[in-house]
Undergrad: 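Okay, here's the structure, questions in a sec.
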Protein chains: 2
Amino acid sequence: MTTETKKLRGRPRVFDMDEALDKALQIFWQRGYEGASLAELTEALGVNKPSLYAAFGNKEELFMKALSKYTTGPVAFVRDVINEPTSHAVAKRFLYEAADFLTQPSHPKGCMIVQGALSGGESAEMVKKVLIQYRNAYENLLTKRFEQAKQDGDLLSDADPHALAKYLATLHQGMSVQATSGASNDDLKAIADLALSAWPKAK
Amino acid sequence: MTTETKKLRGRPRVFDMDEALDKALQIFWQRGYEGASLAELTEALGVNKPSLYAAFGNKEELFMKALSKYTTGPVAFVRDVINEPTSHAVAKRFLYEAADFLTQPSHPKGCMIVQGALSGGESAEMVKKVLIQYRNAYENLLTKRFEQAKQDGDLLSDADPHALAKYLATLHQGMSVQATSGASNDDLKAIADLALSAWPKAK
DNA sequence: TAAATAATATACCAATTGTTACAAAAAAAT
DNA sequence: ATTTTTTTGTAACAATTGGTATATTATTTA
């Protein structure tokens with residue numbers, strides 16, 4: 001029993017918070033933080049503004065919660081990537097799964113962490129910063145994995161873990177832009193293959 | 001005499017259209033289409049709204065004109081890239097100049113054609129489309145250059161010009177995101193070097 | 001000097017932005 | 001049955017959005 005439904009008093013909430021957050025995620029994913037208006041959000045969620053504010057706080061908090069759901073939901077798989085046995089396998093799986101994910105027709109194209117708030121006005125500043133942190137966090141994860149690969153002898157001593165991680169992150173971010181612009185899964189796979197041919201050989 | 005200053009009648013314009021457009025470009029470059037408000041634009045240009053509208057049309061037209069200035073100004077150099085003698089030289093110069101340009105401290109980080117309107121509300125739809133066209137146009141330029149390289153024997157017959165062009169475009173777009181997120185010139189150069197090591201050898 | 005022309009500044013417009021007061025409604029607790 | 005608690009719906013809020021009407025000012029032409 002994960003969700004302990006304790007008897008709460010007061011008028012019961014008419015909507016499911018998790019479903020609502022999911023719908024908010026879709027909107028933010030597609031429109032970006034500033035591009036998503038509260039009118040569109042409440043409309044899509046089927047929840048009026050006071051209820052939305054009571055449940056999630058303001059727009060920024062709603063975005064952050066949707067973002068959190070994004071990282072533990074749709075893109076949770078990327079954390080497993082580092083468990084591949086070799087650095088090459090890590091890179092390959094990362095780029096291939098990115099290609100699949102970014103072009104999936106079941107949800108908006110591209111990555112929310114990349115496109116959620118790249119540019120924008122003053123009001124998007126905080127969201128922008130947080131998204132940069134998310135991107136850096138994942139990049140650091142890859143860096144550490146490739147440092148490990150060096151210790152394993154899987155990467156030669158002249159390999160640069162930081163550069164390799166940034167290379168993959170850059171490709172992912174570029175592929176995200178490509179996907180949003182209409183690139184197909186095959187297009188991205190071809191890019192991934194080309195990119196992988198640059199991968200340093202093991203000893 | 002490029003600018004024929006014909007005697008116009010009526011009250012003379014108090015601001016320089018070219019300078020004003022340049023300032024608008026900076027704002028759009030940094031904020032994106034939707035993120036740039038008319039208040040910020042008029043403030044930065046030192047021109048009040050009626051004058052701005054009389055001179056450039058509405059916000060969308062102003063953006064398009066700034067975009068046009070962008071392509072014939074700051075990023076005009078990318079058209080020369082295809083004149084390099086080999087496909088590898090084209091790729092190298094493209095990525096290196098991108099690294100320099102995207103991190104230059106004299107103007108906003110990143111590329112306006114990438115970040116100008118990746119996501120956004122309904123009102124940004126047209127701008128979004130136009131930016132995609134610009135990106136595709138340059139990608140096609142690279143594709144054609146690499147098709148030529150195949151005919152030249154500079155690329156082997158199994159090379160895929162389309163994929164190579166998309167590979168470079170993707171790297172550029174990813175590097176643009178990286179630059180906006182704080183990556184340094186050296187970071188981007190290291191990415192470029194790695195990316196170039198994937199380049200197919202000539203016969 | 002007067003007429004014609006065009007850009008200026010102020011002040012406004014309706015529509016939308018994110019956010020909230022407030023009263024009615026629905027449940028549990030007393 | 002009444003109180004307490006919480007959510008709901010309506011309706012509003014000030015601020016900002018992109019965009020203009022209008023009157024004034026500055027210039028050239030006649």
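Chain letters run A, B, ... following the sequence lines, proteins first, then strands; residues in each count from 1. These numbers were taken from a predicted model, which means no experiment stands behind them.
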Undergrad: Distance check needed: D:dT7 C1' versus A:Asp16 CG, whole Å only.
TA: 15 Å
Undergrad: Checking B:Asn185 side chain against B:Thr103 main chain: does a donor-acceptor pair fall under 3.5 Å?
TA: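 Checked: no pair found.
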Undergrad: Can you classify the ring geometry of B:Phe101 versus B:Tyr70 as parallel (below 30°), tilted (30 to 60°) or perpendicular (above 60°)?
TA: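 Tilted, since the angle between the ring planes falls between 30° and 60°.
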Undergrad: Which ones in residues 58-67 of chain A lie close to DNA chain C, meaning a heavy atom under 4.0 Å from one of its atoms?
TA: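 Contacting residues: A:Asn58, A:Lys59.
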Undergrad: Distance-only, no hydrogens or angles: does the A:Asp187 side chain make a donor-acceptor pair with backbone N or O of A:Ser184 under 3.5 Å?
TA: yes
Undergrad: How close or far is atom P of C:dG18 from atom CG of A:Leu38, stated in whole angstroms?
TA: 5 Å
Undergrad: Take the protein atom CZ of A:Arg31 and the nucleotide atom C1' of C:dT17, then report the distance between them rounded to whole Å.
TA: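 Rounded to the whole Å, the gap is 15 Å.
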Undergrad: In B/S/- notation, 5' to 3', how is nucleotides 8-15 of chain C contacted by protein heavy atoms closer than 4.0 Å?
TA: SBB-----
Undergrad: Please confirm whether the ring centroid of A:Trp199 lies under 6.0 Å from the ring centroid of A:Phe94.
TA: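 Between A:Phe94 and A:Trp199, which both carry aromatic rings, the centre distance is not below 6.0 Å.
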Undergrad: Hey, which sits more toward the 5' end of DNA chain D by its nearest nucleotide, B:Tyr33 or B:Gly10?
TA: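 First, find each residue's nearest nucleotide; the 5'-ward one identifies B:Tyr33.
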Undergrad: Does any residue of residues 115-123 of chain A have a heavy atom under 4.0 Å from DNA chain C, and if so, which ones, in number order?
TA: none
Undergrad: With side chain to side chain contact (heavy atoms under 4.5 Å, CB included) as the test, would you mind laying out the steps for A:His107 and A:Met112 before giving the verdict?
TA: CA-CA 11 Å; A:His107 54 65; A:Met112 179 176 174; over 6 Å; no
Undergrad: Tell me: CZ of A:Phe56 to C1' of C:dG18, nearest whole Å?
TA: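 So the two atoms are 17 Å apart, to the nearest Å.
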Undergrad: For a quick test of reading the model, state the closest non-hydrogen atom pair linking A:Met17 to A:Ala55 and the distance between them.
TA: CE-O, 3.6 Å
Undergrad: Is the CD atom of B:Gln104 crowded by more than 12 outside heavy atoms at less than 6.0 Å?
TA: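 Atom CD in B:Gln104 is crowded, with more than 12 foreign heavy atoms closer than 6.0 Å.
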Undergrad: Which heavy-atom pair separates A:Val127 from A:Ala117 by the least distance, and what is that distance?
TA: CG1-CB, 3.8 Å
Undergrad: I need the single residue from B:Arg145, B:Lys150, B:Gln151, B:Lys144 that forms a side chain to side chain contact (heavy atoms under 4.5 Å, CB included) with B:Glu147. Which is it?
TA: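 One option only clears the test, and that one is B:Lys144.
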Undergrad: Taking the six-membered ring for Trp, are B:Tyr33 and B:Phe63 parallel (under 30°), tilted (30 to 60°) or perpendicular (over 60°)?
TA: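 If you compare the ring of B:Tyr33 with that of B:Phe63, the planes turn out perpendicular.
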Undergrad: Does the cation-pi check pass for A:Arg13 over A:Phe15, that is, NZ or CZ under 6.0 Å from the six-membered ring centre and within 45° of its axis?
TA: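 Yes, a cation-pi geometry holds between A:Arg13 and A:Phe15.
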